[in-house]
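Here is the structure we will look at.
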Amino acid sequence: METLIFAHRGIPVKFAENSLEGFRYAVEHGAEGLEFDVHLTKDKVPIVMHDEKIDRTTDGSGYIKDYTLSEIRRFHLDNGEPVPMLSELLEILQNRDVYINLEFKTNKIHNIGIESIVLALVKNYHFVHPIIFSSFNYWTLKNCQRIDKKQQYCFLMKVPVLFPEYFVKKNHFAAIHPHFYLPSKVTQRIWTVDNPKLARRYFKLGVAGIFTNNFELMNKVKKEIR
């Protein structure tokens, strides 16, 4: 199996993370896949940001859940862009030959209804490859399965699970996304790999994918392996 390289939050080593600028660059400069995080605003609009609070990546402060879309759009990322809506990003990605990993960021704050809202929204766009949906929140993935069991759902984990193949099969997940490689035949995509030496090991092992903050560097490493 050839390992896919996912641009983690775009390319944070060059552009503001989870910015449309970064995602456009990634798509236009050879990223095989993109990974990004989704939250809901107070008025239930999906936006793209990693943290539950806007403090680290914008010129504002506070929790996403406490702002309406119009309020949160007044704040800006480091590159001057407003916080992107998921719909804006999907418009960029539709019909592009790139794999998409959408992470429901619900492990700390579980926005009620986020699963149905996001799954309904993505149906308005056409993608070359089926979207990969992931979350650290087990119940978010189970909610998604109840809404649409035909999609790819993958469980994110910081610590290993026992018997990963059984875990995946029992829960009807498409894969697991661990922090480190698990000696198993189960499909796995590993986060977040920025070390070339570690990446070489994963490429040689043939893991399904890696997530990285510098996809261009990882592309070079992969090319060397070939």
Side-chain angles (χ1 to χ4, degrees), residues 6-27 34-93 100-125 131-144 147 153-159 177 179 191-192 194 211-215:
F6 287 80
H8 184 244
R9 309 179 200 170
I11 181 166
V13 297
K14 283 191 174 181
F15 300 104
E17 70 172 59
N18 278 326
S19 67
L20 297 183
E21 180 183 32
F23 291 124
R24 286 194 185 97
Y25 180 90
V27 169
L34 290 180
E35 186 273 351
F36 51 88
D37 315 277
V38 176
H39 293 270
L40 288 186
T41 60
K42 186 177 181 180
D43 49 349
K44 304 295 184 181
V45 179
I47 64 163
V48 179
M49 184 173 285
H50 177 269
D51 300 356
E52 290 73 24
K53 300 178 73 174
I54 65 174
D55 302 50
R56 182 176 64 85
T57 55
T58 78
D59 53 4
S61 63
Y63 285 95
I64 294 170
K65 68 179 181 64
D66 294 332
Y67 287 106
T68 64
L69 177 65
S70 61
E71 291 169 339
I72 208 166
R73 295 277 282 185
R74 297 171 188 167
F75 304 115
H76 299 87
L77 307 178
D78 290 341
N79 64 351
E81 289 182 3
V83 177
M85 294 183 290
L86 175 59
S87 59
E88 292 177 311
L89 177 53
L90 296 180
E91 288 174 8
I92 293 172
L93 299 182
I100 300 168
N101 188 110
L102 185 159
E103 179 182 343
F104 288 95
K105 209 67 184 176
T106 55
N107 50 311
K108 294 182 180 179
I109 297 175
H110 191 169
N111 302 119
I112 303 300
I114 187 171
E115 299 92 350
S116 58
I117 291 170
V118 169
L119 290 174
L121 177 62
V122 299
K123 289 182 178 179
N124 296 324
Y125 302 86
I131 291 183
I132 299 164
F133 296 97
S134 65
S135 182
F136 284 102
N137 188 325
Y138 174 86
W139 294 111
T140 282
L141 298 179
K142 302 313 284 185
N143 288 342
C144 287
I147 297 166
Y153 302 115
C154 304
F155 187 62
L156 275 156
M157 58 183 68
K158 293 182 180 179
V159 296
H177 292 178
H179 195 20
W191 57 276
T192 303
D194 294 331
F211 302 96
T212 179
N213 292 313
N214 191 344
F215 76 87

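On a predicted model such as this, the values are computed, not experimentally measured, just so you know.
- In this structure a side-chain-to-backbone donor-acceptor pair under 3.5 Å is missing from N213 to V13.
- Here R9 does not pair with E103 in a salt bridge; the nearest charged N to carboxylate O distance is not below 4.0 Å.
- Shortest non-hydrogen contact noted between P84 and N18 is CG-O, 3.3 Å.
- A donor-acceptor pair shorter than 3.5 Å cannot be found between the side chains of H39 and K65.
- Note that the CG atom of N124 and the CD atom of E91 stand 10.5 Å from one another [nearest 0.5 Å].
- Contact detail for L121 and S87: the closest heavy-atom pair is CD2-N, 4.2 Å.
- Counting only N and O atoms by type, the side chains of N214 and T212 include no donor and acceptor under 3.5 Å apart.
- For the atom pair N137 CG and L156 CG, the distance stands at 10.5 Å (nearest 0.5 Å).
- At a threshold of 4.5 Å between non-hydrogen side-chain atoms, the residues L102 and L86 count as touching.
- Side-chain contact between W139 and T106 is absent, with no heavy atoms from C-beta onward closer than 4.5 Å.
- Counting only heavy atoms from C-beta outward, the side chains of F136 and K105 approach each other to under 4.5 Å.
- N79 pairs by the side-chain contact (heavy atoms from CB on, under 4.5 Å) definition with A16, S19, E21, L77, E81, not counting sequence neighbours.
- Residue A26 comes nearest to L34 through the heavy atom pair CB-CD2, 3.5 Å, listed as atom of the first residue, atom of the second, then distance.
- In this structure, K142 places its NZ atom where more than 12 heavy-atom neighbours from other residues, nucleotides or ligands lie under 6.0 Å away.
- For I11 against G22, the heavy-atom pair with the smallest separation is CG2-O, 4.1 Å.
- Partners of H179 by ring-ring contact (aromatic ring centres under 6.0 Å, His included), not counting sequence neighbours, listed by chain and number: W191.
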- Could you walk me through whether I64 and I109 pass the side-chain contact (heavy atoms from CB on, under 4.5 Å) test, one step at a time? CA-CA 10 Å; I64 294 170; I109 297 175; over 6 Å; no

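- A distance-only check finds no donor-acceptor pair linking the side chain of D55 to the backbone of G60 [under 3.5 Å].
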- Hey, mind stepping through R73 and M85 against side-chain contact (heavy atoms from CB on, under 4.5 Å) and telling me if it holds? CA-CA 9 Å; R73 295 277 282 185; M85 294 183 290; 4.0 Å; yes

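- Qualifying salt bridge (charged side-chain N to carboxylate O under 4.0 Å, His left out) partners for E71, counting only residues two or more places apart in sequence or in other chains: none.
- Classification of the F155-Y138 ring pair by plane angle, with boundaries at 30° and 60°, yields perpendicular.
- Remark: side-chain polar atoms of H110 are not paired, donor with acceptor, to backbone N or O of K108 under 3.5 angstrom.
- Going from atom CZ of R24 over to atom CG of L93 covers 10.0 Å, rounded to the nearest 0.5 Å.
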- Task: In sequence, state the C-alpha distance, the side-chain angles, and the governing distance for Y125 and I100, and then conclude on side-chain contact (heavy atoms from CB on, under 4.5 Å).
- Result: CA-CA 13 Å; Y125 302 86; I100 300 168; over 6 Å; no

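- When all heavy atoms of L40 and G113 are compared, the pair lying nearest together is CD1-C, 4.3 Å.
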- Please report the C-alpha distance between F15 and D78 in whole Å, then the side-chain angles of each, then the deciding distance to 0.1 Å, and finally whether the side-chain contact (heavy atoms from CB on, under 4.5 Å) criterion is met. CA-CA 8 Å; F15 300 104; D78 290 341; over 6 Å; no

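- With no hydrogens or angles considered, a side-chain donor-acceptor pair links N101 and S134 at under 3.5 Å.
- For the pair H50 and T57, the minimum side-chain heavy-atom distance is 4.5 Å or more.
- No side-chain heavy atom of Y67 sits under 4.5 Å from any side-chain heavy atom of T41.
- Inter-residue side-chain proximity for I72 and M49 is flagged as unmet; no heavy-atom pair is nearer than 4.5 Å.
- Atom CG of residue D66 and atom CD of residue E52 lie 12.0 Å apart, to the nearest 0.5 angstrom.
- How far CG of L141 is from OG of S135: 5.0 Å, rounded to the nearest 0.5 Å.
- Closest approach of V38 to I114, counting heavy atoms only: O-CD1, 3.7 Å.
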